[in-house]
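Counting starts at 1 for both ligands and their atoms, following the listed order. Everything quoted here is computed from the prediction, not taken from an experiment.
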Amino acid sequence: MQLAKSLALAAVLGLAQAGSTPAVKEQDSVPYAPIVVPLANRSPYLGAYLFGSEDKNLALMSPRFWTGTPLGWTGLLRVDGQVSSWMGNLTDWPACINSSLSTDSYSSTFVMTDDPPTVSLTATFLSPITPLDLFRQSLPFSYLQLSVASLDGKDHVVEAYSEINGLWLADDETEMLEWEGVEKDHWSGMRLRLQNQRIFEEENMREEHGNDRILHGDVWYASRSDAEEVETSYAAGDDVEETRRVFVDRGRLYNSLNETFRPTKTRQDDNQTAILDEPVFAISHSFGTVSPSSSAEDTTALITVGHLRTPLIQYKVAGPELVQVKPLWASTFKTAEELIDFFLSDFELVASLSKDWNAQMYADARRVESEEYGHTLAVSTRQIFAALEGLWDYDLDANSSLVTYSPITNEPIPTLFGLKEVSSNGNCQTVDVIAPFLPFLIYASPTLLPLLLEPIYRYSDSGLWKPIPPPHDLGDHWPNALGHDDYEGPTLPIEEAGNMLAMALAGMRRGDAAAREQAETYYHLLTQWADYLIDEALFPKEQSSTDDFYGPQKNQTGLVIKGIMGIRAMAEIALDFEEDKDYAHYKNASEVMTSTFLSLAISKDGTHLLGHYGNDSSWHGQYNLYFDQLFGTEMFPASVYEAQDSFYANVSLPFGPALDSAFPFRAKTDWLAWLGGIAVTNSTRTLFVDAVAKFFRQAKNDVQGDFIDPREGWSVGFRTRPVVGGHFSLLALDVMERLRKGTFQDDDEEVLIGGTSVAVGLLGLMLTVGVVYRWWSRRRRPSRKDVAYEELSRGDASPLLARAGSPSTPRMANDEEED
Ligand SMILES: *[C@@H]1O[C@H](CO)[C@@H](O)[C@H](O)[C@H]1NC(C)=O
Ligand SMILES: *[C@@H]1O[C@H](CO)[C@@H](O)[C@H](O)[C@H]1NC(C)=O
Ligand SMILES: *[C@@H]1O[C@H](CO)[C@@H](O)[C@H](O)[C@H]1NC(C)=O
Ligand SMILES: *[C@@H]1O[C@H](CO)[C@@H](O)[C@H](O)[C@H]1NC(C)=O
Ligand SMILES: *[C@@H]1O[C@H](CO)[C@@H](O)[C@H](O)[C@H]1NC(C)=O
Ligand SMILES: *[C@@H]1O[C@H](CO)[C@@H](O)[C@H](O)[C@H]1NC(C)=O
Ligand SMILES: *[C@@H]1O[C@H](CO)[C@@H](O)[C@H](O)[C@H]1NC(C)=O
Ligand SMILES: *[C@@H]1O[C@H](CO)[C@@H](O)[C@H](O)[C@H]1NC(C)=O
Ligand SMILES: *[C@@H]1O[C@H](CO)[C@@H](O)[C@H](O)[C@H]1NC(C)=O
Ligand SMILES: CC(=O)N[C@H]1CO[C@H](CO)[C@@H](O)[C@@H]1O
């Protein structure tokens with residue numbers, strides 16, 4: 001919309017504020033406005049976005065939770081006593097103008113001005129991305145950096161205000177709140193929580209469609225207060241009208257605490273549109289007189305918003321008792337205050353790590369495909385981690401070799417990662433939600449994979465889960481990983497057995513020592529799963545896959561390929577452990593199965609693989625072939641890939657081919673990206689990559705769903721799920737191919753540090769080099785027996801996967817289609 005204007009303004013501000021923020025991404029030449037703008041995205045319960053309007057104008061829009069319900073998050077700017085609104089569409093004041101947006105994988109930056117323009121306000125919403133530093137990545141806080149600058153060469157007295165309310169805790173505005181104000185040496189802030197704490201319970205969790213808010217824990221809104229020239233003040237619990245009036249009149253707040261605890265909103269009995277009372281939690285920054293020569297330090301403020309709870313989940317593992325598991329941060333920080341202290345002081349380092357990661361990701365995306373592909377990955381990245389929570393594994397296994405490292409002491413901390421199947425149904429640790437985002441894990445976060453898989457292995461090995469194939473998930477609803485000891489719940493046996501085997505091999509081949517050790521520990525499970533596939537995968541009985549949104553079906557060829565690849569993955573795992581008999585056995589079994597499969601599954605005209613045996617008009621997006629390419633196993637002949645390549649182009653719709661001939665108006669962006677990864681010709685690869693890019697760039701959708709109608713690109717549900725990590729398909733193939741060729745390490749003059757690739761030559765320049773180097777040198781202990789593997793991929797390794805929702809009860813969040 002106002003892109004040209006925005007660019008001009010950004011250029012002006014770039015000069016005015018050189019060096020002040022990491023916000024504006026330097027590599028992008030084409031303005032990019034994604035479908036949804038992530039603002040604060042760090043956990044299933046901390047997820048603020050802008051969506052629902054084509055023009056992503058922060059001054060006119062209200063940040064929302066990913067479900068679409070509003071979060072009270074608003075802002076006012078005061079310039080020489082004149083007030084305008086910069087966030088949340090506060091119509092009592094004129095809106096800031098010239099609102100422009102730039103985004104990358106970890107930040108969304110808005111630049112706006114008063115009207116007429118005299119002062120600019122830059123609001124940078126930064127959710128750090130440090131995929132190798134999983135401790136930092138797991139902290140459930142996000143940053144908001146505010147910078148102001150004089151635009152007209154004159155001095156101006158400038159203050160900025162922002163505020164949150166009880167909607168950050170629950171949708172139900174009649175919930176009673178309680179709160180406190182906290183003042184520390186370097187920061188001050190406010191904590192709010194529901195008076196009625198319901199641990200492990202989401203709002204309306206027992207109803208068919210809950211609203212995904214957790215009724216437990218604290219929201220924090222806090223700001224650094226140690227800059228000499230910036231005065232930070234807050235107000236906790238006064239009514240919204242009163243609080244804003246104080247700021248509008250005075251340009252500051254009084255560190256006031258109104259201890260009359262009240263509900264989020266009180267409405268007038270006989271007129272529900274009239275709000276009588278709404279306690280808010282506001283922070284004001286007074287920058288004093290801002291002149292063109294003001295330093296960045298004197299014109300910048302840093303806020304953090306977070307959602308904390310402890311314990312995080314209840315979890316049944318190796319026995320019938322339930323264990324309450326604490327968050328990973330609790331291993332290192334005794335209190336929320338200590339954590340906030342660390343998080344606020346870590347900003348410069350973590351912003352720089354995120355920036356480097358982002359630059360490397362864009363460089364890789366450009367190398368394998370295009371800048372636009374980088375944009376797709378950027379808009380996907382924060383969403384991956386918004387589904388995950390870091391668990392301190394101490395209560396379960398204080399001696400686990402699955403660890404992250406404390407940023408304070410560098411000591412190893414036993415760690416697991418939990419996953420909520422966000423949006424599609426809330427299941428815990430869904431195997432077929434992890435599998436789809438394997439590409440991201442391979443490319444960016446190999447150490448995360450075994451941390452996500454371990455809970456599934458432990459439960460499978462506990463004896464509490466009887467069937468041989470692995471469970472679909474570890475419990476019906478996050479954060480209650482109660483298992484399925486009744487053997488009820490969704491079962492997708494071929495799907496999940498194939499996924500677990502492929503993920504186990506992926507972690508090992510990526511070179512992660514912990515993944516290798518894990519596969520060794522659970523080798524007995526892996527062989528059982530592979531044996532199951534040998535018995536069942538060639539002619540699948542009526543059962544679900546991740547795709548059959550219309551119910552279980554027989555003889556799905558996609559499942560056969562998954563089964564074949566699972567068996568072949570078992571052979572490769574056996575090979576790496578020098579289990580030669582197993583290797584020969586499983587390899588032969590997979591080859592025999594493939595040859596029977598090919599005799600049944602090719603269409604009569606030879607143009608494509610069928611979707612179901614015996615139905616010549618059926619076809620399927622055969623994304624499970626991706627594993628064959630990922631592992632370089634050459635299970636399927638080149639002719640199959642070539643035929644599929646032309647076939648997809650032939651059946652493509654404007655937003656890519658449908659997933660299956662049986663439901664021709666549905667596609668999934670993760671599977672489109674996987675298919676793009678295994679395309680033979682550049683034109684077919686580009687067809688897939690562009691289809692996904694086009695979906696994420698268009699503004700007409702309300703939501704960032706991975707389930708789409710490929711005719712017009714409407715989102716048809718499955719919001720905000722981590723499966724978008726599947727978009728990294730091209731980069732994961734690139735990494736695995738370079739590992740096989742032995743060029744992964746030599747190729748790049750870089751080491752992986754804190755989730756970041758940094759050119760070696762630049763290291764000396766890094767302010768933080770000492771800290772980072774110490775951290776890096778300790779993050780991987782010398783491994784037990786895997787020296788060769790360590791060598792293979794120095795610096796990191798491990799995988800994880802996530803996938804698009806279970807088919808059990810798809811939640812069609814925004815279904816515009818009737819079919
Ligand atoms: C801002 O608020 C006004 C008045 O309530 C409303 O008409 C308008 O649609 C809102 N703007 C957006 C972008 O929601
Ligand atoms: C706290 O807020 C309530 C609601 O606005 C108000 O009635 C009360 O006077 C306030 N208390 C103090 C001490 O300001
Ligand atoms: C209800 O309250 C709203 C907001 O205060 C007001 O604009 C409206 O006139 C009221 N309606 C009636 C019928 O009083
Ligand atoms: C951890 O290992 C130590 C030493 O081997 C042992 O004493 C302790 O019981 C173990 N703790 C757990 C929880 O397994
Ligand atoms: C699956 O396909 C095979 C081969 O066409 C056929 O023999 C078998 O009956 C089918 N199975 C089911 C359950 O329909
Ligand atoms: C390969 O597997 C098939 C089918 O199970 C079996 O008949 C055959 O003997 C096996 N071949 C070898 C060399 O193990
Ligand atoms: C493409 O579609 C045309 C028309 O339906 C068909 O004749 C042709 O065989 C198809 N080609 C492939 C490779 O599927
Ligand atoms: C064969 O496949 C087509 C396309 O998926 C489908 O419409 C049709 O119902 C299938 N036929 C049978 C008998 O299942
Ligand atoms: C296909 O794409 C690759 C990678 O972008 C490029 O190196 C190659 O030249 C392209 N080939 C053709 C025929 O365009
Ligand atoms: C700096 C900048 O881009 N200012 C523009 C803001 O919007 C007004 C009104 O549209 C323009 O006149 C300014 O040039």
Does some non-hydrogen atom of Ser617 fall short of 4.0 Å from ligand 8?
yes

Taking atom 9 (O) of ligand 8 as the reference point, report whether a protein heavy atom occurs under 4.0 Å from it.
no

Short N or O distance, Asn555 and ligand 5, threshold 3.5 Å exclusive
yes

Ring centers of Tyr161, Phe247 separated by less than 6.0 Å
yes

Considering only protein heavy atoms, which is closest to atom 3 (C) of ligand 3, and at what distance to one decimal place?
Thr273 OG1, 3.4 Å

Can you tell me which residue and heavy atom of the protein come closest to atom 4 (C) of ligand 5, and the distance to 0.1 Å?
Phe539 CE2, 3.7 Å

Element-labelled atoms of ligand 8 that are located less than 4.0 Å from some non-hydrogen atom of Ala662:
5 (O)

Is the Trp619 to Tyr648 ring centre distance short of 6.0 Å?
no

Who gets closest to atom 5 (O) of ligand 8 by heavy atom: Pro664, Ser618, Ser661?
Ser661

Using the six-membered ring wherever Trp is involved, compare the ring planes of Trp671 and Tyr623 and label them parallel, tilted or perpendicular (cut-offs 30° and 60°).
parallel

Considering only NZ, NE, NH1 and NH2 on the basic side and carboxylate oxygens on the acidic side, decide whether Lys587 and Glu591 come within less than 4.0 Å.
yes

Considering only non-hydrogen protein atoms, determine which one is nearest to atom 2 (O) of ligand 8 and report residue, atom name and distance to 0.1 Å.
Asn615 ND2, 2.4 Å

For Val716 and Phe665, run side-chain contact (heavy atoms from CB on, under 4.5 Å): C-alpha distance rounded to whole Å, both residues' side-chain angles, the deciding distance at 0.1 Å, then the answer.
CA-CA 10 Å; Val716 290; Phe665 305 129; over 6 Å; no

Atom 13 (C) of ligand 3 has as its nearest protein heavy atom Asn271 ND2, 4.3 Å

What about the rings of Phe539 and Tyr613, do their centers lie closer together than 6.0 Å?
yes

Could you tell me whether Glu542 atom CD has more than 12 heavy atoms of other residues or ligands within 6.0 Å of it?
yes

Which of the numbered atoms in ligand 5 are below 4.0 angstrom from a heavy atom of Lys554?
12 (C), 13 (C), 14 (O)

